[in-house]
There are 2 protein chains.
Amino acid sequence: METRELKYFVAVAEELHFGRAAERLGMAQPPLSRAVQQLERRLGVRLLERNRRGVALTDAGEVLLREGRATLDAATAAARRTRRAGGADNLSGERTRLVLAVKTAAAHELLQELLDAYAAEPDAAEVEVLQCGMCDQEARLRDGSADVALMHVPFNSLAGFDSEEIMTENQFAILPAGHPLAARENLSLADISDVPGLPPARWPRHGIYPPGPGPEIRDQTQLAQLVALGRTVAAVPDSARAWLWPEHAAVPLADAPPVVTHIAWPAHSRSTALACLVRTAVRLASSR
Amino acid sequence: METRELKYFVAVAEELHFGRAAERLGMAQPPLSRAVQQLERRLGVRLLERNRRGVALTDAGEVLLREGRATLDAATAAARRTRRAGGADNLSGERTRLVLAVKTAAAHELLQELLDAYAAEPDAAEVEVLQCGMCDQEARLRDGSADVALMHVPFNSLAGFDSEEIMTENQFAILPAGHPLAARENLSLADISDVPGLPPARWPRHGIYPPGPGPEIRDQTQLAQLVALGRTVAAVPDSARAWLWPEHAAVPLADAPPVVTHIAWPAHSRSTALACLVRTAVRLASSR
DNA sequence: CCCTGTGATACCTACCGGGTATCACAGCGA
DNA sequence: TCGCTGTGATACCCGGTAGGTATCACAGGG
């Protein structure tokens with residue numbers, strides 16, 4: 001099975017429309033139809049149900065969409081990492097460079113400490129910090145844009161990665177300063193899940209937003225502004241206190257699950273620079 | 001990057017010889033040379049060092065070998081799982097079939113209980129048990145031959161999989177019955193690591209055998225026989241008591257790390273049958 | 001000094017991936 | 001009822017390229 005065919009199938013499966021998929025791929029529709037048919041023939045499996053008005057995925061198609069995306073990610077990651085290994089690093093003794101994906105503005109302090117501690121290591125590599133939106137450190141790690149990431153369980157999923165736990169925090173509720181609930185000593189998740197006129201913010205889980213009335217959040221600035229405007233409420237980890245606005249109020253959440261920050265990297269990574277960074281992070285965690 | 005090119009490169013990187021690699025791939029040597037050159041050109045990176053007598057991997061080549069294997073595994077897994085999803089399952093209401101990879105003869109009892117408990121579930125699928133050698137449940141899971149596996153940390157690595165812990169056991173030393181050490185009440189790892197005439201057995205870690213004087217073990221029968229013959233000694237988990245021979249002696253190991261059995265599956269798997277099996281396993285674990 | 005074994009090059013062919021033009025068909029509105 | 005529209009499939013052509021064979025260039029070793 002060639003990655004070309006896989007790319008084509010994934011495009012069609014995502015668009016559920018040959019014409020649009022072909023356009024997205026920068027090609028004409030007929031060869032795309034043919035390529036997908038050929039893939040079906042090769043696998044001996046019907047992937048798409050063509051009902052005269054559009055296209056639907058079969059069960060097998062669902063499977064291939066999921067597994068195919070993973071395969072394509074693996075391929076682009078392989079290419080990217082190989083290029084990086086051969087490009088800067090090999091020539092003229094330039095040092096290995098590590099790309100660390102972080103959720104923008106999450107856990108500043110920890111990040112700062114980690115970078116400082118790592119820089120002090122004798123064989124430290126240069127670390128480039130790649131800032132991500134609410135949840136796409138996972139994707140960056142999977143497609144090879146990053147070598148290592150700081151992830152926050154349960155917001156991120158560690159599935160498919162190696163990881164070490166480095167910090168646990170409680171959560172608090174972030175509310176508009178003037179709101180009645182802001183005066184409370186304590187809140188529970190139930191208290192903030194159904195406040196009239198203050199729908200809880202939603203962020204993507206595995207790339208899609210859960211249903212609900214609240215606004216869809218892509219980054220923390222957006223969240224900060226919406227809370228300040230009195231449009232939403234959210235649960236955030238302690239380290240978020242660093243970026244609170246005067247218009248915000250913070251109230252401890254008694255029953256929210258703790259947020260556990262992990263340092264995560266692609267399974268089977270074997271770079272010594274990475275191993276050193278992880279070691280530093282673990283040491284830091286145990287000394288806090 | 002096409003899987004074809006990747007397959008070619010991996011073959012060459014493994015053989016370190018274009019001729020043999022070409023033979024293994026069932027093609028002539030010149031087009032293989034050309035394909036690898038083209039891959040190097042496309043990536044803009046030198047992958048192989050051709051010194052007139054054979055071939056060596058560059059650093060970038062090492063990276064691509066590792067990542068490329070992962071990509072190829074993902075691709076074959078995608079094809080296999082898609083075929084399975086479309087083949088038996090979709091037609092005529094036949095039930096989903098789960099393939100469970102286990103280390104042959106490891107943790108019988110647990111396996112038996114798990115299969116029984118799962119079969120009693122209302123929406124249980126048929127479970128096929130795939131018996132593996134010492135350590136290749138990981139490979140089976142990665143290449144799509146299996147959907148789920150019982151793995152034994154620290155013998156197996158869970159890197160890249162989702163998993164749940166279901167059993168913890170201590171280890172004991174398994175020795176020839178007549179051996180002086182067999183009379184001891186307790187042993188330590190140090191005691192059995194350097195016994196004259198009784199080199200400790202070795203099994204593969206990530207596909208390769210660690211160096212040492214002891215015999216290379218592929219399955220438990222082999223180990224059993226070698227111990228009975230007075231050729232080797234090994235540390236094995238408690239559940240292995242089930243298959244001890246009269247010629248064997250078992251002595252508790254005070255300082256060996258516990259063996260933790262996990263149920264593991266490919267990250268992001270979403271089959272309901274699998275979820276049910278995992279739930280059953282976890283329930284079983286907590287009730288033991 | 002030639003023979004052997006290595007990977008690279010030259011050149012040809014056949015296949016196939018991609019394009020354009022067109023078809024077959026379902027739904028829909030006049 | 002008859003086009004009209006939008007869908008994916010088919011027919012056919014062309015060029016690039018994957019693969020083959022023959023050969024080269026070169027390092028080591030007898």
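Values in this document were obtained by computation on a predicted structure and should not be read as measured data. Sequence lines set the chain letters: A, B, ... in the order given, protein chains first and strands last, and positions in each chain run from 1. Below, all heavy atoms of this structure are taken into account, side chains as well, without hydrogens, waters or symmetry copies.
Going from atom CD of B:Glu2 over to atom C1' of C:dC16 covers 13 Å, rounded to whole Å. Atom CZ in B:Arg50 sits roughly 9 Å away from atom P in C:dT9 (whole-Å rounding). Spacing between atom CG of A:Leu48 and atom C1' of D:dG8 amounts to 11 Å, rounded to whole angstrom units. The interatomic distance linking A:Leu39 (CG) with C:dG17 (C1') rounds to 15 Å, in whole Å.
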For nucleotides 13-24 of chain D, 5' to 3', base contacts (B), sugar-phosphate-only contacts (S) and non-contacts (-) with protein non-hydrogen atoms under 4.0 Å give -----BBBBB--
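B:His17 has no side-chain polar atom (N or O) that falls below the 4.0 Å cut-off from OP1 or OP2 of C:dG5. Regarding contacts with the backbone of C:dA8, a side-chain N or O of B:Ser33 is found under 4.0 angstrom from either OP1 or OP2. Contact annotation: B:Gln37 side-chain N/O to C:dT9 OP1/OP2 distance is under 4.0 Å.
Note on residues 68-77 of chain A: pairs passing salt bridge (charged side-chain N to carboxylate O under 4.0 Å, His left out), not counting sequence neighbours, are A:Glu14-A:Arg69, A:Asp73-A:Arg142. A side-chain hydrogen bond (donor to acceptor under 3.5 Å, both in side chains) check over residues 208-220 of chain A, counting only residues at least two apart or in different chains, returns the pairs A:Gln220-A:Trp243.
Scanning for ring pair (Phe, Tyr, Trp, His ring centres under 6.0 Å) contacts around B:Tyr118 gives an empty result, with sequence neighbours left out. Residues meeting the salt bridge (Lys or Arg N to Asp or Glu O under 4.0 Å) test with A:Arg140, sequence neighbours left out: A:Asp143. Not counting sequence neighbours, the partners of B:Glu128 by the salt bridge (Lys or Arg N to Asp or Glu O under 4.0 Å) test are B:Arg97.
There is no side-chain donor-acceptor pair under 3.5 Å between B:Thr71 and B:Glu67.
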